[in-house]
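A short write-up of the structure that comes next.
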Amino acid sequence: MDRHIYFDHAAATPLLPEVVDAMLPYLHEHFGNPSSLHAWGDAPREALAVARAQVAGLVGAARPEEVIFTSCGTEANNMAIKGLAMAQQARGKHIVISAIEHFSVLYSVRTLEKRGFTATLVPVDKYGLVDPQAVADAIQPDTILVSIMHANGEVGTIQPLKEIVQLAKERRVPVHTDAVTTAGTIPVDVMDLGVDALTLAGDSFYGPKGAAALWVKRGTRIIPLLDGGIQEGGRRSGTENVPAIVGMGVAAEIAKAKMPERIAQATAVRDALLNRLPAAIPHTIVTGHPTQRVPDIASFCIEFIEGEGMLMLLSSKGIGVSSGSACTSRALKGSHVLEAMGVPAEIAQGSMLFGIGIDNTLVDVDAVIEALPPIVERLRQMSPLYDKYLKSQKGG
Amino acid sequence: MDRHIYFDHAAATPLLPEVVDAMLPYLHEHFGNPSSLHAWGDAPREALAVARAQVAGLVGAARPEEVIFTSCGTEANNMAIKGLAMAQQARGKHIVISAIEHFSVLYSVRTLEKRGFTATLVPVDKYGLVDPQAVADAIQPDTILVSIMHANGEVGTIQPLKEIVQLAKERRVPVHTDAVTTAGTIPVDVMDLGVDALTLAGDSFYGPKGAAALWVKRGTRIIPLLDGGIQEGGRRSGTENVPAIVGMGVAAEIAKAKMPERIAQATAVRDALLNRLPAAIPHTIVTGHPTQRVPDIASFCIEFIEGEGMLMLLSSKGIGVSSGSACTSRALKGSHVLEAMGVPAEIAQGSMLFGIGIDNTLVDVDAVIEALPPIVERLRQMSPLYDKYLKSQKGG
Amino acid sequence: MPVYSEKVMDNFMNPRNVGEIADADGIGEVGNPVCGDMMTFYIKVRDNRLEDVKFKTFGCGAAIAVSSMVSQMATGMTLDEALKLTNASVAEELGGLPTNKLHCSNLGADALHAAIQDYLKKKGGNGDGRKAE
Amino acid sequence: MPVYSEKVMDNFMNPRNVGEIADADGIGEVGNPVCGDMMTFYIKVRDNRLEDVKFKTFGCGAAIAVSSMVSQMATGMTLDEALKLTNASVAEELGGLPTNKLHCSNLGADALHAAIQDYLKKKGGNGDGRKAE
Ligand SMILES: Cc1ncc(COP(=O)(O)O)c(C=O)c1O
Ligand SMILES: Cc1ncc(COP(=O)(O)O)c(C=O)c1O
């Protein structure tokens, strides 16, 4: 590799040096158990309290105790969907989600369906937008939970969550949102949004793997996913992953402080990609909403070829991107998000996702614009689909 | 504090320097997502494979793929109990556990009871031993799971697990064991034990918090606890906590290599505590089995006083111990383990647990034997129970 | 972050008024060792005031600190004042208690009140005409 | 740990025999872009042997590598030998494939076999008496 340009921050973010530095004491001298009543418990317990306040601060939570630390966004989503639904099942067994939720929401709902719940998947338009009225219309008398993600991690479309929440509240249905893609990146305020529960993950904003959180509004009943001891107020048992939680806290604080400048920088890189890539490569479609999108995701479908080959050839040039959902690129299924947006399956196979990070620059975009067209051309030359397209053009 | 003597390794272990060193690259340059197909995924993916083999090696597993990484022992136990039971529910809904299981097993069973399962809690004798025949007798035609911990974390009693498994197998019931207390400390071999699933946690053998594992024998059906993506072969979704898993792997390898010497050293310290403490402090009872116990736990009940005061006063002298279960010392309940062993509740309040670590020496025991008696004496002088005892002696 | 406030720790490490009063005017015992906490309060009354308050306590650090604090707060109070002493004021005086330890402050106030009731009962029984309130 | 073996990577990065044969004796097309993979194989037959094999493939790295490997293995084989070429032998020749990519090797063998069948059918249709097996 001559260059190293990482453009896959939706899959993983490098840890900030401040984050690692903050974690290290908890991997060394402060290894104690936060539940321990002796002196070895003091520093870890204090550290959890600080991190809890930092994470609460990032999402505008009134009370740090409302933050429940989990091991990953997937766990937080499983806990939210299963825990909120199970707590309300006396009132009803119907759940409303969008068709483009992350698999951890989607399959949690599937599991509940096996336990007698029913679900409505609200569709999205071609930009990946959920219509708030469609959510309202999907709500039944026995609906006990609405879960709509704040923004989608594959195409970056930001949902009109506030409107959705308002319509759900009028119908007295609690709302959870998966904010893994937005929290730490754009302003997320649980009070302003009006949600009852919100998922966020530290490793999406330069914190470490191993720490995420579910914020649950005080007074909202939730059944634990992990039964056991008394950690996290009895709502999430298991010895707390102190170093990772500390890292998430510091990352949250920095994300909040640097948000405006990070947004400006990412937006410039994103817009350069969104403008220049389709110009450099014919038959390239931008996916997601033209304006209602997060600053750090640029997503495309490149026709006639499949994404994996592209990303591996790009990788051989030192450039890291992903195709389809970063988390599920080995699932061998076409993206359910693009499918829900009405992108034809063979076009969806050519999906390409740029997750823009704090170090990416316009020079990186230059490198992509230089490296990608010959790769696409080479794969198209190999592609029977492109062949057919060219012949049909000649014929036509 | 003049001295710092940590005797609470059942609550938390310090990380080995080799473990932290092995983790650091994955907090720095190798931050990538192991699912990523580009170059940034290569090192993390390799690291997971290596750690999986190391953990498999520690417990004698034939195939690394049988190891499912989780975020903590609690998660592994929840997954085992709920996942194995739910997978078998067409065959029956009865579960057999012991009365002294960790809360993560106990309350997972309670949750299943709310979903229509039933459970038998097999009692233990005064040493905390489960009678294999009692387990066999508890098995009904609709029993689909037996879960008996390998050794108890509060009193150190090692169960006759092999006999239990044999009797369960004769009755065609799969067996899970919570080996958090034993794996990495004494030899644990899944083949030799004959179990179908086994829980272990890296932070109990000088690995980091945030990584544990459930070993599940190939061919054993289990329903995931965390639904979502495709990590861990679809059985445990969520981005893998690579640094912690790497640390657990290295800790597992070292634990295996150093096991004999560690056992010898811990046994010497344990036996010194078991012999000298009751000699130095009248009305002190050793809890757990006289011989069938792990080398690194010495446990007592000190009569007429309550444990928290003892451990806080010891902490003020620079000595860290715990009372009752390390994980639950804030639960304000008397230990269910001591209760099941028939220890009277007021005596169980004086429980004291020494978790012996690789750095503890006989000099540390000297320090305890010096520091503890005056503390006990002082608390007894304050205790109305001791008062009554003394008066009853005078009267008698 | 220590579990307890400085004031709790001070009262736990150096509890005031530990002991018993041989010729106590009233004795109050509450709690149960089975539940983890038991307190015995001894009082000496003079001119309707608590002249001396002592205690013995079996229990956690918070229980001991609460006993110590209650004994200090009560000493010198009139019986009526002492009967109005609440768990909340004890916890406040201690600079707060962890939520899972708040019941200890209940126990402290209860034990003091029980000792006063004991005194009033005995006094009533002595036939001096004053009834327990 | 790269996802693919060195041999897979080599065949993906430098695929052999990409292209089409204008006057192919047989063409086989399998897969479906909707499912993510599609392969077209072209063969030239001489004296019952595969004289030339070319392909075009839409699909993941494994699909391209498999196509390349199948084309190399098949070239020079008799039709009977080529019809016996299995997905397992292709995967083996590539130094293994990730389990979730094994279906690609099926596709490669299938596409080759389809091209041979096409040839045999055409030939049969030409009336030379030989039937497709
Ligand atoms: C025997 C046993 N099992 C399970 C656990 C749970 O482990 P964790 O707190 O890491 O989730 C513990 C905790 O100490 C334990 O002692
Ligand atoms: C929107 C969204 N939600 C949830 C998750 C799950 O997070 P994790 O893999 O950390 O469990 C992801 C992962 O990328 C995501 O993009």
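Reckoned from all heavy atoms, side chains included, excluding hydrogens, waters and symmetry mates. In what follows, every chain begins at residue 1, and chains take the letters A, B, ... in the order their sequences are listed.
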Practice prompt. Report yes or no: does B:Thr74 contribute a side-chain atom to a donor-acceptor pair with the main-chain N or O of A:Ser237 at less than 3.5 Å?
Written response: no

Worksheet item: Is the distance between the ring centroids of B:Phe31 and A:Tyr6 under 6.0 Å?
Response: yes

Worksheet item: In Å, rounded to the nearest 0.5 Å, how long is the span from CD1 of A:Ile245 to NZ of B:Lys209?
Response: 10.5 Å

Discussion item. Need one label for A:His30: side chain, backbone, both or neither, based on atoms under 4.5 Å from any heavy atom in chain B.
Written reply: neither

Worksheet entry | Heavy-atom contact with chain B under 4.5 Å, split by part of A:Val321 | backbone

Practice prompt. Give a yes or no on whether the backbone of B:Ala12 and the side-chain of A:Asn33 come within a donor-acceptor separation of less than 3.5 Å.
Written response: no

Worksheet, complete the sentence: Interatomic distance, CG@A:Leu311 vs NE2@B:His38, rounded to 0.5 Å, equals 7.0 Å

Discussion item. Side chains of A:Leu226 and B:Leu225, heavy atoms from C-beta outward: is any pair under 4.5 Å?
Written reply: yes

Discussion item. Is A:Leu106 close to chain B through its backbone or its side chain, or both, or neither, when contacts mean heavy atoms under 4.5 Å?
Written reply: neither

Discussion item. Counting heavy-atom pairs closer than 4.5 Å to chain B, which one of A:Ser104, A:Gly73, A:Ala211 comes out on top?
Written reply: A:Ser104

Fill in: Most chain B-contacting option - heavy-atom pairs closer than 4.5 Å, from A:Arg115, A:Glu29, A:Met312
A:Arg115

Worksheet item: Do A:Cys72 and B:Arg236 pass the side-chain contact (heavy atoms from CB on, under 4.5 Å) test, and can you show the C-alpha distance, the side-chain angles, and the key distance before you say yes or no?
Response: CA-CA 11 Å; A:Cys72 58; B:Arg236 199 285 187 183; 3.7 Å; yes

Worksheet item: Using non-hydrogen atoms only, which part of B:Arg110 is less than 4.5 Å away from chain A: side chain, backbone, both, or neither?
Response: neither

Practice prompt. Determine whether B:Leu27 and A:Leu27 make a side-chain contact, defined as any pair of heavy atoms from C-beta on separated by less than 4.5 Å.
Written response: yes

Worksheet entry | Proximity breakdown for B:Thr70 and chain A, heavy-atom pairs closer than 4.5 Å | neither

Discussion item. Taking CZ in B:Arg221 as the centre, count heavy atoms belonging to other residues, nucleotides or ligands within less than 6.0 Å. Is the count above 12?
Written reply: no

Worksheet entry | Proximal component of B:Val20, with respect to chain A [non-hydrogen, under 4.5 Å] | side chain

Practice prompt. Report yes if the side chains of A:Asn241 and B:Ser71 come closer than 4.5 Å at any heavy-atom pair, otherwise no.
Written response: no

Response to the item:
For residues 76-89 of chain A against chain B, heavy atoms under 4.5 Å, the residues are A:Asn78, A:Lys82, A:Met86

